[in-house]
Protein chains: 2
Amino acid sequence: MTKKPARARRSDGEQTHAAILDTAVRLASIEGLGGLSIGRLAQEVGVSKSGLYAHFGSKQDLEMSIWAAAREIFEREVIEPALAAPDGLARFEQLCERYLSYIERRVFPGGCFFAGMLAEFDARTGRGHDEIADDQREWNALLDATAAAAQAAGELDPTADLRQLVFDVAAAIQLANYYFVLFGNAGVIDQARSSIRAAISRSGGHPPHHAP
Amino acid sequence: MTKKPARARRSDGEQTHAAILDTAVRLASIEGLGGLSIGRLAQEVGVSKSGLYAHFGSKQDLEMSIWAAAREIFEREVIEPALAAPDGLARFEQLCERYLSYIERRVFPGGCFFAGMLAEFDARTGRGHDEIADDQREWNALLDATAAAAQAAGELDPTADLRQLVFDVAAAIQLANYYFVLFGNAGVIDQARSSIRAAISRSGGHPPHHAP
DNA sequence: CCTACCGATCGGTAGG
DNA sequence: CCTACCGATCGGTAGG
């Protein structure tokens, strides 16, 4: 089926590559990209520094790969499961719930990778800033579009202020992430769930029906 | 009046001390405490590295002084003006408005200093984590107590869920800070104002009366 | 993938 | 407050 040469299993090189990225993404979620050094990462993974450079040509290259790897994890853990729900209110609720679950399950040990990048790069100029600005725009656009679909389907009031809804939901989600990591208290996740339910309800949405 | 020896004006040393802290606090709000190096700070201020060590014995000492300086600025710009309003709903509204104004006026060039520290230290252990946890607890406790006073005074519904109110308000404020810095768009501050007004209104609070 | 090395910068100190 | 220096670590490279 594939044009690649036959290869029974992943080579050691591929395993090492994946192991480096896995460790790097976890470390970066805790200490930020600026707090990540090649030497420490190499030590953590158990290879030499030049071993890292065999896989990533430069720190910038590594940082871009980390970002891409984190995006893949976010897609897999949050976006894709939510997109399995039908467009509209059900998907909107799933986007919120999947995000909160991804925080609660500590998919990244330092909390949402992108929330970390947001705070690290919001006030700087350059690649990091532009990257996180794109990511945040995309996330908000997805929430916007999904809320709009819910409204168009009659699942939300035609007069509901969707900008406000999306802002309130994004704010609850964001604060829940930081406070969950800071205090290690799952209560704040439920607080956000309650906030989101209330915000949706204010916009005229009803809790999902359960078959008897 | 004072027991200190008479001194007509601030000595050069005091001026340098203040200049270092001012620059350090601004830099730290943009790049974080981890992104701040003694060498760069010295260069930015226009003194030698050992010039810095004449004022601050170590980087940890400097970091604690930066944190204290930032706290003073926050007290002056947000807390004190809000405490000028009578306890209760008026003060609650002023705490929100003063915070948003402090963001909007770019008191720190990198946005709220403590929002930066929150994201930098939430997932770590040690001094930074404990410090920001205390700060966040204190801020939320102030919002809690002020909302409770408003409720006790009959300015909010006796049945209003104050935890939810404070969470919603803190979330709106936080997101507004990050997005204002990231996108440089004042609209998000007004979005937060609108969120806060709505949250207060849901809790039974009424907009302040204006004398005719 | 390794060892061995590069110049630059880190936090910090000695001596004045 | 300065110059001059310390060992450690930074990102990165040479050569194998």
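Below, chain A is the first sequence line, B the second, and so on; all start at residue 1.
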> Would you call B:Glu44 and B:Arg40 a salt bridge, taking side-chain N to carboxylate O under 4.0 Å as the test?
Replying inline: yes
>> When you measure from the side-chain N and O atoms of A:Ser37 to the phosphate of D:dT9, is any distance below 4.0 Å, counting only OP1 and OP2?
In response: no
>> If I take atom CG in residue B:Leu33 and atom C1' in nucleotide C:dG11, what distance separates them, rounded to the nearest angstrom?
In response: 15 Å
> Reckon A:Leu62 touches a base, only the sugar-phosphate, or nothing at all at heavy-atom distances under 4.0 Å?
Replying inline: nothing
> OP1 or OP2 of D:dC1 sitting under 4.0 Å from any side-chain N/O of B:Thr16?
Replying inline: yes
>> What contact category does B:Leu41 fall into here, base, sugar-phosphate, or nothing, at under 4.0 angstrom with non-hydrogen atoms?
In response: nothing
> In residues 43-57 of chain B, which ones come under 4.0 Å of DNA chain D, going by heavy atoms?
Replying inline: B:Val47, B:Ser48, B:Ser50, B:Gly51, B:Ala54, B:His55
>> Over the length of the helix from C:dC1-D:dG16 to C:dG16-D:dC1, how much do the five-pair end axes diverge, rounded to 10 degrees?
In response: 10°
> Of all the nucleotides listed (D:dC10, C:dC1, C:dG12), which has the minimum atom distance to the side chain of A:Arg40?
Replying inline: D:dC10
> Should the ring pair B:Phe121 and B:Trp67 be called parallel, tilted or perpendicular, given that the plane angle runs from 0 to 90° and is split at 30 and 60?
Replying inline: tilted
Contacts under 3.5 angstrom, residues 20-27 of chain A side chains, donor-acceptor by atom type, not counting sequence neighbours:
{"from": "A:Thr23", "atom 1": "OG1", "to": "A:Ala19", "atom 2": "O", "distance (Å)": "3.1"}

> Rounded to the Å, how far apart are B:Leu36 CG and C:dT9 P?
Replying inline: 16 Å
> When the distance from CD1 of B:Ile38 to P of D:dG7 is rounded to whole Å, what number comes out?
Replying inline: 20 Å
> According to the side-chain hydrogen bond (donor to acceptor under 3.5 Å, both in side chains) rule, which pairs have a member within residues 76-92 of chain A, sequence neighbours left out?
Replying inline: A:Glu77-A:Arg105
>> Does the plane of the ring in A:Tyr178 sit parallel, tilted or perpendicular to the ring in B:Tyr178? Use 30° and 60° as the thresholds.
In response: tilted
> Can you name the ring pair (Phe, Tyr, Trp, His ring centres under 6.0 Å) partners of A:His129, sequence neighbours left out?
Replying inline: none
> Between D:dG11 atom C1' and A:Met64 atom CE, what is the distance in whole Å?
Replying inline: 17 Å
> How are the rings of A:Tyr99 and A:Phe74 set to each other: parallel, tilted or perpendicular (split at 30° and 60°)?
Replying inline: perpendicular
> Are any non-hydrogen side-chain atoms of A:Phe114 and A:Arg71 less than 4.5 angstrom apart?
Replying inline: yes
> Among all residues two or more places apart in sequence or in another chain, which pass the side chain to side chain donor-acceptor pair (under 3.5 Å) test with B:Gln43?
Replying inline: none
